[in-house]
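The basis for the numbers below is simple: all heavy atoms, side chains too, and nothing from hydrogens, waters or symmetry mates.
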Amino acid sequence: MEELNQKTGDDEIEIDLMEIFYALKKKIAIIILACILGGGIGFGISNYLIVPQYSSQSMIFVMTKETTITSLTDLQIGSQLTKDYAVLIKSRTVMEKVIENLGLNMSYRALSNKITVENPSATRIIEISVTDPDPQMAKMITDEVANCASNYISEIMEQAPPKIIEYGNLPLGPISPNIPKYIVLGAFLGGIIVSLWIVVSVLLNDTIMSEEDITKLTGVPVLAAIPTTDAAYKKNAGRGRGKSK
């Protein structure tokens with residue numbers, strides 16, 4: 001039997017791995033039930049308690065005032081400008097203009113937290129993504145951010161406004177929550193919690209169940225076993241019935 005011993009000072013903690021394994025095997029039905037219950041809870045939380053979020057994306061193409069497609073210098077300048085544009089898009093001026101135009105009831109910081117600005121590697125394209133519980137509102141905001149940002153960048157940089165090459169799409173489905181992920185996570189946590197409870201029960205159970213437990217506890221082999229009172233009573237009762245016949 002495989003055992004793991006851990007000594008701390010004068011105390012010795014003995015963990016019987018096989019005993020834990022058989023205890024888990026014996027309670028496998030309960031563990032499976034806990035996984036099913038945990039998965040159900042995960043589904044309920046993701047489907048009924050978490051507000052779905054929708055995302056819409058627009059794209060802006062960065063152009064300098066005199067950009068020509070054959071000019072390497074202009075291409076390099078355009079690539080550097082994308083970093084500046086990404087900062088300007090989420091500036092307070094642009095956010096407040098979007099709030100004013102759409103009549104939104106939120107602060108510019110709250111609106112800024114809904115917006116993600118990214119620049120795909122080795123491109124002069126800026127992607128503006130807006131996340132909102134309302135898919136129609138997500139599209140409206142991303143379109144307005146693109147328009148306001150393009151005008152503001154033109155004013156600040158004193159050049160032609162960046163070209164909006166794609167307005168936001170109307171989201172067909174939410175990007176979050178990920179329901180399958182919550183189900184798997186809930187099932188996993190349910191199984192782990194019940195398994196830990198079973199392991200702790202085995203470790204804390206100091207009841208002597210067999211001669212082997214006595215030997216482990218005292219270090220002395222068992223020479224004889226005395227039957228319990230119930231067993232002896234049943235044996236004697238059986239003999240008595242036999243004699244009466």
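No continuous path of hydrophobic side-chain contacts links Val130 to Ile175 [ILVMFWY only; heavy atoms under 4.5 Å]. Using a 4.5 Å cut-off between side-chain heavy atoms of Ile, Leu, Val, Met, Phe, Trp and Tyr, with links allowed through other members, Ile183 and Tyr48 fall into the same hydrophobic cluster. The hydrophobic cluster containing Ile156 also contains Val117, counting ILVMFWY residues as joined when their side-chain heavy atoms lie under 4.5 angstrom apart, directly or transitively. Residues Tyr182 and Leu49 are members of one and the same hydrophobic cluster, defined by side-chain heavy-atom contacts under 4.5 angstrom among Ile, Leu, Val, Met, Phe, Trp and Tyr. Both Leu196 and Leu189 are part of a single hydrophobic cluster, where members link through side-chain heavy atoms under 4.5 Å apart.
Inter-residue side-chain proximity for Met59 and Ile128 is flagged as unmet; no heavy-atom pair is nearer than 4.5 Å. Using a 4.5 Å cut-off on side-chain heavy atoms (C-beta onward), Met95 and Ile115 make contact. At a threshold of 4.5 Å between non-hydrogen side-chain atoms, the residues Ser56 and Tyr54 do not count as touching. Between Thr131 and Thr116, the closest side-chain pair of non-hydrogen atoms is not below 4.5 Å. Tyr152 is listed as a side-chain neighbour of Leu88, based on a closest heavy-atom distance under 4.5 Å. Considering only heavy atoms from C-beta on, Ser201 comes within 4.5 Å of Trp197 through its side chain. For the pair Met137 and Leu104, the minimum side-chain heavy-atom distance is below 4.5 Å.
Of the inter-residue distances, the one linking Ile99 atom CD1 with Met106 atom CE reads 7.0 Å to the nearest 0.5 angstrom. Put simply, CD1 on Ile153 and CD on Glu158 are 14.0 Å apart, with the number rounded to the nearest 0.5 Å. Here the straight-line distance linking atom CD1 of Ile179 with atom CG of Asn47 works out to 4.5 Å at 0.5 Å rounding. Note: Ile193 CD1 to Ile198 CD1 = 12.5 Å, rounded to the nearest 0.5 Å.
Among residue pairs with one or both ends in residues 87-98, those qualifying as side-chain hydrogen bond (donor to acceptor under 3.5 Å, both in side chains) are Arg92-Glu96; sequence neighbours excluded. Here salt bridge (Lys or Arg N to Asp or Glu O under 4.0 Å) pairs that include residues 100-120, with residues two or more places apart or in two chains, are Lys114-Asp132. Note on residues 186-204: no pairs pass salt bridge (Lys or Arg N to Asp or Glu O under 4.0 Å), not counting sequence neighbours. The salt bridge (Lys or Arg N to Asp or Glu O under 4.0 Å) contacts involving residues 139-152 comprise Lys139-Asp143, where partners must be two or more places apart or lie in separate chains.
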Tabulate below the donor-acceptor pairs under 3.5 Å that side-chain atoms of residues 164-172 make, not counting sequence neighbours, or state none.
from, atom 1, to, atom 2, distance (Å)
Tyr167, OH, Asn147, OD1, 2.9
Asn169, OD1, Gln57, N, 3.2

Ignoring hydrogens and angles, write down the donor-acceptor pairs under 3.5 Å from the side chains of residues 20-46, residues two or more places apart or on other chains.
from, atom 1, to, atom 2, distance (Å)
Ser46, OG, Gly42, O, 3.0
Ser46, OG, Phe43, O, 3.1

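Nearest heavy-atom pair, Val94 versus Ala149, reported as atom, atom and distance to 0.1 Å: CG1-N, 4.0 Å. The two residues Ser150 and Pro162 make their nearest non-hydrogen contact at OG-O, 2.9 Å. Between Ile126 and Ala86, the closest heavy-atom pair is CD1-N, 4.0 Å.
A donor and an acceptor atom, one from each side chain of Ser58 and Thr142, are located under 3.5 Å apart.
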